[in-house]
Amino acid sequence: VFILWKLLPAPFMFRHFTLERSAVLSRPWTLITAGFSTPDPFLFVVHMSSIWASGTLLQASLRWGMLLKLYAACGLAGAIAFVAGTTLQSKGFGRNDPTQQTHAVIMP
């Protein structure tokens, strides 16, 4: 996928390989493709290094097929968490507004 970022037009890649909360229902495959996609060479090296380091350790106890499934499941979980978090944030959840406090803090 990294090489595709260099070969294909950026608007196409952003549309089909990155995650946008507003477009998840019309492009559900981006929940998976976002986990395999980065146009940044530095992040690509970081991702590949972490997959190599953790993959070599996990491969001893898991087969490669199971390791790929684990990677895809973690990417999907991260994508769902991103969509849920940005949805909650857009509705005002988690904002640090003292007028909207729902609990009190007792200072000693």
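Note: hydrogens, waters and symmetry copies are ignored here, and every other heavy atom, side chains too, is used.
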Using a cut-off of 6.0 Å, state whether more than 12 heavy atoms not belonging to I3 lie near its atom CD1.
no
Heavy atoms only: give me the nearest R15-R27 pair and the separation to one decimal.
O-NE, 2.6 Å
Distance in Å, I32 CD1 paired with L76 CG, rounded so as to fall on 0.5 Å steps:
4.5 Å
Can you hop from V45 to L4 via hydrophobic side chains spaced under 4.5 Å?
no
Could you tell me the separation between the CH2 atom of W5 and the CG atom of D40, rounded to the nearest 0.5 Å?
10.5 Å
Do L31 and V1 share a hydrophobic cluster (ILVMFWY, side-chain heavy atoms under 4.5 Å, transitive)?
yes
Among residues at least two apart in sequence or on other chains, which ones pass ring pair (Phe, Tyr, Trp, His ring centres under 6.0 Å) with H16?
F12, W29
Rounded to the nearest 0.5 Å, the CE atom of M13 sits from the CG atom of L7 at a distance of 9.0 Å
Who clusters with L67? Use side-chain heavy atoms, under 4.5 angstrom, across I, L, V, M, F, W and Y, and order the result by chain and number.
L58, L62, W64, M66, L70
Can you check whether T18 reaches T30 side chain to side chain, under 4.5 Å on heavy atoms?
no
Same cluster or not: are F82 and I80 linked, directly or through other Ile, Leu, Val, Met, Phe, Trp or Tyr residues, by side-chain heavy atoms under 4.5 angstrom apart?
yes
For residues M48 and I51, determine if any side-chain heavy atom of one lies less than 4.5 Å from a side-chain heavy atom of the other.
yes
Could you work out, with side-chain contact (heavy atoms from CB on, under 4.5 Å) as the rule, every residue matching P41, not counting sequence neighbours?
F2, K6
Distance-only, no hydrogens or angles: does the S37 side chain make a donor-acceptor pair with backbone N or O of T33 under 3.5 Å?
no
